[in-house]
Number of protein chains: 2
Amino acid sequence: MSTAKQKILVVDDEPDIVELIAYNLKREGYQVHTASNGQEAVSTAKKIMPDLIILDVMMPKMDGIEACRIMRAMPEFKSTFMVFLTARSEEYSEIAGFNVGADDYIAKPIKPRALLSRINAILRRNAHSEELPNEKLEIADLVIDREAFLVFKDGEKIVLAKKEFELLYLLASKPGKVYTREVILKNIWEDSVVVTNRTIDVHIRKLREKIGENYVSTVKGVGYKFEA
Amino acid sequence: MSTAKQKILVVDDEPDIVELIAYNLKREGYQVHTASNGQEAVSTAKKIMPDLIILDVMMPKMDGIEACRIMRAMPEFKSTFMVFLTARSEEYSEIAGFNVGADDYIAKPIKPRALLSRINAILRRNAHSEELPNEKLEIADLVIDREAFLVFKDGEKIVLAKKEFELLYLLASKPGKVYTREVILKNIWEDSVVVTNRTIDVHIRKLREKIGENYVSTVKGVGYKFEA
DNA sequence: TTTGATATTAACAAATTATTAAACAGCACA
DNA sequence: TGTGCTGTTTAATAATTTGTTAATATCAAA
């Protein structure tokens, strides 16, 4: 197992609960981050890339279910664990019905012992895969290594800027699929940031400049796609 | 996210509210249609078959509840989502008491963020096909891949322009069914855009030019249909 | 044959993306 | 605290594709 502390993002609008959970998780040796609503959760998660996210269901601005859905739709959170915090009154089945890709549910009121054993179990399950060779995306003659933030084109290293990388990673995560500008914006930019549509073009151009012209193709009026 | 725009019909007699909602939904990537009373709502809905209908409760001619009842009674709207717009003064429970088959309620005054998160949640619940292995339409010797925005004719790739593709996709989504010009316009063009009838002919022609003459047939005086 | 359609074509208009250069922001480092 | 990077965004313009119109030809049914 890697010695790096595993990161957990705790999201709840009640500071007391956040603190309670954070305290216990830290004592257990995890690196804990917090957010107080769904929006914040999404933007923080993008930054720190936690191994696990604990989401309260009911929150202002954006509830946990919505936040979960949004993140699940982003390729980089494909394998991030997400756990819901539910008040007793909210039936599990009801939540589960949203079918949003949660990995577990934890009932309030929080019982620290139970919480820890649950979290430990989930992350241990995961710990094995940490040992596995670094998840790389190999496609056409490119190797896209998210962990190292590098791209190799038949063995030759290509250094991309962050946005360029994210763009490539997104498109390449489902080759052939056309990504609209809207979707691209939602995935790569913070919700709050508003940028011109032209901004995407420019990044596409720089990306093409670096990796070559034969990977990203334009579908006029629709968007861009990865296509070898 | 599936690239097929989901269709939403917004029904309210106050143009300002319709505009506010339509603006926000469009920005979010939905295809928006409007109507200003229940009667109009029912007839428009039949034409465009929206994925979701937002109905104001209080309207002239036919109120939202009545419209909802009527549509729910029609088999083709069995699984269409319907959401009511209610003024604060109207108690939810009161509305709910009508038990008419609504999926949600949204309170006025409209708060764009809340509205969007609600609508997104409802529609995404439905569209978990996103994760599924790319939904293709296979018909006759054509494969119509909406995600890649491509058509294959016995293995050979055919690139269509956006409108051509939409046209083919619409017709092929229900082979044999005749689509009137009116319905085609409502489905493929924005509500606001008005184009000549001849415009459709031209697109049909270009489509036939690219995929061949044996797929789209004309029903004179009525419209077009897909027929192998 | 007349009439009310649709088909066809080419010219034109509109919309979208590409390209370039320059402004701007953040950061590491002297 | 400035200075020079790197990376990001904007803005302006060019290039290209796509969409629309209009005019004419053709067709099919009454």
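Reminder, nothing fancy here: chain letters follow the sequence lines and each chain counts from 1. Values in this document were obtained by computation on a predicted structure and should not be read as measured data.
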Is [X] close enough to [N] that one of its side-chain N or O atoms is under 4.0 Å from OP1 or OP2 there?
X	N	result
A:Tyr224	C:dA18	yes
A:Arg208	C:dT19	no
A:Thr218	C:dA18	yes
B:Arg181	C:dT6	yes
B:Trp189	D:dT20	yes
B:Thr196	D:dT21	yes
B:Thr199	D:dG19	no

Could you state the [atom1]-[atom2] distance from [X] to [N], rounded to the nearest angstrom?
X	N	atom1	atom2	answer
B:Lys206	D:dG19	NZ	P	7 Å
A:Ile188	D:dT9	CD1	C1'	15 Å
A:His203	D:dT6	NE2	P	17 Å
B:Leu207	C:dT6	CG	P	17 Å
B:Ile184	C:dT6	CD1	P	10 Å
A:Ile204	C:dT16	CD1	C1'	14 Å

Exercise. Ignoring hydrogens and angles, does a donor from either the side chain of B:Lys162 or the base of D:dT18 sit under 3.5 Å from an acceptor on the other?
Worked result: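 Between D:dT18 and B:Lys162, which were checked side chain against base, a qualifying N/O pair under 3.5 Å is absent.
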For this session: Of all the heavy-atom pairs spanning A:Lys225 and A:Gly176, show the shortest one and how long it is.
Result: CD-O, 3.3 Å
Exercise. Cation over ring, A:Lys163 on A:Trp189, under 6.0 Å and within 45°?
Worked result: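 Satisfied, under 6.0 Å and within 45°.
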Exercise. With a distance cut-off below 6.0 Å to the six-membered ring centre and an angular limit of 45° from the axis, does B:Lys26 pair with B:Tyr30 as a cation-pi contact?
Worked result: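 No, B:Lys26 does not lie over the aromatic ring of B:Tyr30.
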For this session: Could you check A:Val195 against A:Lys210 and say which one's nearest nucleotide on DNA chain D is further toward the 5' end?
Result: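 Nearest nucleotide further toward 5': that of A:Lys210.
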Exercise. Is any NZ, NE, NH1 or NH2 atom of the basic residue among A:Glu209 and A:Lys206 found under 4.0 Å from an Asp or Glu carboxylate oxygen of the other?
Worked result: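 So A:Glu209 does not pair with A:Lys206 through a salt bridge.
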Exercise. Do A:Met58 and A:Asp12 have side chains that get closer than 4.5 Å, going by heavy atoms?
Worked result: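 In short, these two side chains do not touch, never coming nearer than 4.5 Å.
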Problem set entry | Position toward the 5' end of DNA chain C (nearest nucleotide), B:Glu213 or A:Arg205 |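 With B:Glu213 and A:Arg205 compared, the 5'-side residue is B:Glu213.
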